[in-house]
Each structure stands twice: as structure tokens, then as C-alpha cells.
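As C-alpha cells, the structure follows; a few thoughts come after it.
When a ligand or atom number is given, it counts from 1 through the structure's own listing order. What's counted below: heavy atoms across the whole structure, side chains too, no hydrogens, waters or symmetry copies. Each residue takes its place number in the sequence, starting with 1.
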Amino acid sequence: MEEPNRHLADTLRALRRDRNWSLDRAAAETGVSKAMLGQIERGESSPTVATLWKIASGFHTSLSTFLEPAPEAHAGPLVRRAEALRLRPAGEGMLVAPLFPFESRFGFEVFELTLLPGYERRSEPHEAGVTEHVLVVRGAMEVLVEGEWVALKASEAVRFAADRPHGYRNPGTEPVVFHNLIHYPRRWG
Ligand code: MN
């Protein structure tokens, strides 16, 4: 089993065990089929980001929970390098680097995201109270907020309620790099 799949499989099984949920219950809570959840737990599936978001919302947890183990909680500086962290989830024209995975003491996570040229991703609404902060690092992109595509270039940023439909796209011919700080309303573990 590849490492990201193993972490995902172990995490999903552990969450289900903590909550004492059957696969049927987990399917009902997440909107992801029982068959798919079973495949993920056996490490047989590399789910899309959309599927991971459904699972995260259903379990009231963060997206980064499924990408890698949370860093050890300590008071010292935490140096993270996106170069070593970037993953390309199945079926995505997008690279994802969990720069600061979710920690309950802070209530947020920070990703570096790279959109390949022409890529567009529509996001389902996340759980109530989730807020995203999109900060463009390199290139020019558009963010779908409240039904309007907002154009942003490097050093520009937008914050929006992510419990409504939203999206991201790269209309250009060069990759776009941005940071996404996702704040969760409660301090879920
Ligand atoms: Mn989103």
C-alpha cells in the first residue's frame, strides 16, 4: 500500500472506531458509498479531493487529517517545505501540499495549492462555519465566491464563507500557486 493511502486507510478506520460507526452509518453521514469507504479502508482507492471533503465533513474533521499525520504538538518553530510535501490527488489538475496540517489548538490548516493551466475545481459547501482565506503567491487565478468569479493575482487575497458553493480556476497557461488557510469553527481533533 502506498504511504498516503495507508495513512488514509488507518485514519478512516480509526475515526469510524472512535465513533462506533458501521460502514452503513459512515456512508449515510458522509454521502460516500459504503463500497467506496470499504475500498479506502483497504487502501484500494485513491479518492479525489471532493470525496475527501465529503468524508471530512461527515466526520466533522479537517481535510488535512486524511493527508498526513498531525505534527507533534510542541512549542518550537515548525519548518515545512512544500517541495517535499506536494501530492497530486487522483483525477485532479491540482497539487496539494499540507504546509500546516490541522491542529485542534489552532483550529485551522494551511495548504499550498498549485492549479495547472486550464484547471477548474468547483467545491461543494463545506461544513457550517468553515472559512477559507485564499492568498495568491504566483500567477493569476479566479475564485468563485457568492456566484461571481473574482480575479486575483500574486499578493492579492480573498476570504469567504466556504459553507456555500465556491470554486477555483486557472484560466491561464502557467501554473498558479496559492495558499489556502482553512479555519474550522470548532476545535475538532
Ligand atoms: Mn473549499
Side-chain angles (χ1 to χ4, degrees), residues 4 7-8 11-12 15 29-32 36 40 45-68 70 80 82 85-104 106-154 156-172 175-189:
H7 172 68
L8 176 56
T11 303
L12 183 54
L15 283 169
E29 298 284 347
T30 61
V32 175
M36 170 66 83
I40 293 170
S45 174
S46 298
T48 61
V49 169
T51 299
L52 290 180
W53 263 118
K54 284 187 186 176
I55 298 172
S57 297
F59 280 92
H60 306 295
T61 189
S62 62
L63 181 62
S64 57
T65 299
F66 297 104
L67 300 180
E68 64 163 88
R80 304 275 291 169
L85 297 167
R86 287 187 198 107
L87 309 164
R88 184 163 181 183
E92 307 284 349
M94 178 170 78
L95 308 178
V96 179
L99 276 180
F100 293 110
F102 182 83
E103 289 183 58
S104 56
F106 298 129
F108 68 84
E109 60 197 358
V110 179
F111 294 99
E112 183 218 63
L113 298 158
T114 304
L115 302 183
L116 300 179
Y119 182 68
E120 174 173 326
R121 193 172 115 70
R122 300 286 186 118
S123 184
E124 293 297 307
H126 307 313
E127 229 181 331
V130 174
T131 307
E132 292 190 26
H133 308 68
V134 168
L135 303 92
V136 183
V137 175
R138 186 159 71 246
M141 66 182 290
E142 295 176 350
V143 183
L144 180 63
V145 180
E146 309 278 327
E148 305 246 1
W149 286 100
V150 178
L152 294 174
K153 59 184 191 303
E156 298 180 342
V158 61
R159 176 177 65 202
F160 57 92
D163 52 10
R164 290 164 223 180
H166 56 281
Y168 325 83
R169 72 184 178 196
N170 176 0
V176 169
V177 179
F178 66 101
H179 292 152
N180 194 349
L181 185 155
I182 304 177
H183 182 265
Y184 293 83
R186 283 192 278 126
R187 296 191 166 191
W188 295 313

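- Counting heavy atoms from C-beta on, the side chains of Pro175 and Leu115 never come closer than 4.5 Å.
- For Ser123 and His166, the side-chain atoms include at least one donor-acceptor pair closer than 3.5 Å.
- In this structure the side chain of Phe102 reaches within 4.5 angstrom of the side chain of Ser104, judged on heavy atoms.
- With the Mn ion (ligand 1) as vertex, His126 NE2 and His166 NE2 subtend 90°, rounded to 10°.
- No side-chain heavy atom of Val134 sits less than 4.5 Å from a side-chain heavy atom of Leu113.
- Closest approach between the Mn ion (ligand 1) and any N/O/S atom of Glu132 involves OE2.
- Among the backbone and side-chain atoms of Asn180, none of the N, O or S atoms lies under 2.8 Å from the Mn ion (ligand 1).
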